[in-house]
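Hydrogens, waters and symmetry mates are skipped; everything else that's a heavy atom, side chains included, is used. The chains referred to below are lettered A, B, ... by the order of the sequence lines, with proteins before strands, and numbering in each begins at 1.
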There are 2 protein chains.
Amino acid sequence: MADPLSRVFSALADPTRRDIVARLAVGDATVNELAAPYDVTVQAVSKHLKVLEDAGLVSRSREAQRRPVHLEAEVFDLMTKWIERYRRQAEERYRRLDDVLRSMPDAGPQPAKATQP
Amino acid sequence: MADPLSRVFSALADPTRRDIVARLAVGDATVNELAAPYDVTVQAVSKHLKVLEDAGLVSRSREAQRRPVHLEAEVFDLMTKWIERYRRQAEERYRRLDDVLRSMPDAGPQPAKATQP
DNA sequence: GGCGTGGTCAACCACTTGGTTGAAGAAGGT
DNA sequence: ACCTTCTTCAACCAAGTGGTTGACCACGCC
């Protein structure tokens with residue numbers, strides 16, 4: 001899965017990973033700290049962090065033997081831009097449809113099916 | 001994967017599915033129409049639509065033997081709300097960090113490591 | 001040097017996923 | 001009633017995913 005957008009969406013499709021992001025929004029943390037609340041192994045959390053890192057959502061910097069994890073919030077823009085683009089487009093289409101309906105004479109040929117029996 | 005947010009993120013983690021959403025933003029379409037541009041079978045596209053439907057991103061209404069697919073843009077809000085929440089939080093934290101740095105005397109103890117050899 | 005701590009790498013397992021082919025439903029046209 | 005068209009269901013397959021356990025690496029501390 002090469003494209004960045006897919007990686008970001010995919011990374012956030014997991015509840016544990018979203019929770020990790022939520023906690024990193026408060027402040028940086030180490031892998032062990034992050035792993036504590038969940039009842040999975042530290043290795044599993046490390047894997048989750050790798051996914052988040054590959055998506056560009058997170059960065060790890062070396063500091064003694066600790067590897068504090070830091071949230072990189074800029075990548076969110078990638079998603080919001082994509083989402084907003086199509087939401088706006090869909091809304092505009094909706095608005096245009098409303099215009100068309102408003103400019104209609106009154107009622108076209110209503111098939112009997114259209115009314116619930 | 002029960003929770004709605006995971007389903008939406010997961011649904012949009014696939015480029016084909018995102019492309020389908022993009023095309024549906026322009027206007028409703030049938031499964032065959034949607035499948036045409038891709039070199040996969042119609043069944044595969046039907047599966048993709050099922051994923052999008054389960055995520056609440058899309059709805060199908062019966063119209064003769066056609067099943068026109070319609071984009072439901074409201075679900076986007078679920079994501080944008082989640083994203084904005086943590087992005088804002090992270091940005092605020094950043095701002096606070098700036099304040100702290102600005103209010104600092106001058107320079108703390110700079111370890112030799114910090115300068116690139 | 002040796003040891004404990006924090007973190008990752010590797011191999012494995014069950015389950016999901018995106019794709020295929022083939023058959024079957026559902027609705028219209030004739 | 002029959003055929004055609006649009007769509008979905010079912011079974012299968014290769015590849016990916018989230019999890020495990022066990023070994024390993026990189027530090028700082030005695």
Side-chain angles (χ1 to χ4, degrees), chain A residues 1-21 23-24 28-55 57-70 111-114 117, chain B residues 1-21 23-24 28-55 57-70 109 111-114:
Chain A
M1 196 199 329
D3 69 297
L5 208 39
S6 295
R7 278 200 294 261
V8 181
F9 275 120
S10 184
L12 293 178
D14 184 282
T16 304
R17 243 130 51 193
R18 277 201 309 280
D19 195 57
I20 290 177
V21 168
R23 291 169 56 209
L24 285 175
D28 296 4
T30 70
V31 177
N32 267 308
E33 287 165 1
L34 288 171
Y38 317 117
D39 59 348
V40 299
T41 59
V42 184
Q43 288 95 318
V45 174
S46 187
K47 274 195 185 180
H48 280 307
L49 287 172
K50 180 148 181 31
V51 174
L52 289 171
E53 190 176 26
D54 288 349
L57 279 162
V58 133
S59 66
R60 278 117 129 198
S61 57
R62 169 135 264 149
E63 168 193 297
Q65 71 270 59
R66 310 236 151 83
R67 311 280 321 266
V69 182
H70 177 76
K113 283 179 180 177
Chain B
M1 196 196 331
D3 70 298
L5 209 38
S6 294
R7 277 200 296 263
V8 180
F9 276 120
S10 183
L12 293 179
D14 184 283
T16 305
R17 243 130 51 192
R18 278 202 308 280
D19 195 57
I20 290 177
V21 167
R23 289 168 58 209
L24 286 174
D28 296 3
T30 70
V31 177
N32 265 310
E33 287 165 1
L34 288 171
Y38 317 116
D39 59 347
V40 299
T41 60
V42 184
Q43 288 96 316
V45 173
S46 187
K47 275 195 185 181
H48 279 309
L49 288 172
K50 180 148 183 28
V51 174
L52 289 170
E53 191 176 25
D54 288 349
L57 280 161
V58 133
S59 66
R60 280 117 130 196
S61 57
R62 169 133 264 147
E63 169 193 296
Q65 70 271 60
R66 311 233 152 85
R67 312 280 321 266
V69 183
H70 176 77
K113 283 179 179 176

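Without hydrogens or angle criteria, A:Arg67 side chain to A:Thr30 main chain gives no donor-acceptor distance under 3.5 Å.
For residues 44-53 of chain A, the set of pairs meeting the salt bridge (charged side-chain N to carboxylate O under 4.0 Å, His left out) definition, not counting sequence neighbours, comprises A:Lys50-A:Asp54, A:Glu53-A:Arg60.
Atom-to-atom, CD1 of A:Ile20 to P of D:dG18 comes out at 11 Å; the value is rounded to the nearest Å. One interatomic measurement links the two molecules: CZ of A:Arg7 to C1' of D:dG16, which rounds to 15 Å at whole-angstrom precision. The interatomic distance linking B:Asp14 (CG) with D:dT17 (C1') rounds to 15 Å, in whole Å. Look at CG on B:Asp39: it is 10 Å from P on C:dG19, rounded to the nearest Å. We find that NZ of B:Lys50 is positioned 15 Å from P of C:dT16, with the value rounded to whole Å. Atom CG in B:Leu12 sits roughly 16 Å away from atom C1' in C:dT17 (whole-Å rounding). In this structure, A:Asp54 atom CG and D:dG16 atom P are separated by 14 Å, rounded to whole Å. Per the geometry, CG belonging to A:Leu49 stands 16 Å off P belonging to C:dG6, to the nearest Å.
DNA chain C lies under 4.0 Å from at least one heavy atom of each of the following residues of residues 29-38 of chain A: A:Thr30, A:Val31, A:Asn32.
Contacts of A:Val21 classified as side chain to side chain contact (heavy atoms under 4.5 Å, CB included), with partners at least two apart in sequence or in another chain: A:Leu12, A:Leu52, A:Leu71, A:Phe76, B:Trp82. The side-chain hydrogen bond (donor to acceptor under 3.5 Å, both in side chains) check on A:Asp19 picks up A:Tyr38, with sequence neighbours excluded. For the side-chain hydrogen bond (donor to acceptor under 3.5 Å, both in side chains) test, residues two or more places apart in sequence or in another chain that qualify with A:Ser59 are A:Glu72. Applying the side-chain hydrogen bond (donor to acceptor under 3.5 Å, both in side chains) rule to B:Arg17 yields the partners B:His48; only residues at least two apart in sequence or on another chain are considered. Residues meeting the salt bridge (charged side-chain N to carboxylate O under 4.0 Å, His left out) test with A:Asp14, sequence neighbours left out: none. Under the side-chain hydrogen bond (donor to acceptor under 3.5 Å, both in side chains) criterion, B:Glu33 pairs with no residue at all, not counting sequence neighbours.
The side chain of B:Arg60 places an N or O atom within less than 4.0 Å of a non-bridging phosphate oxygen (OP1 or OP2) of D:dT8. OP1 or OP2 of D:dT7 has not a single side-chain nitrogen or oxygen of B:Ser46 nearer than 4.0 Å. Phosphate proximity of D:dG18 to A:Arg17: present, with a side-chain N or O under 4.0 Å from OP1 or OP2. OP1 and OP2 of C:dT17 both lie 4.0 Å or more from every side-chain N or O belonging to B:His48.
Checking D:dG18, C:dG7, C:dG18 against the side-chain heavy atoms of A:Lys47 singles out D:dG18 as nearest. Of the candidate nucleotides D:dT20, D:dT7, C:dT20, D:dT7 has the atom nearest to the side chain of B:Arg67.
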Please write out the pairs of protein N or O atoms and N or O atoms of nucleotides 22-25 of chain D separated by less than 3.5 Å, giving the distance to one decimal.
residue	atom	partner	partner atom	Å
D:dG22	O6	A:Gln43	NE2	2.7

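In summary, B:Arg66 and B:Asp28 do not engage in a salt bridge, as defined by a charged side-chain N under 4.0 Å from a carboxylate O.
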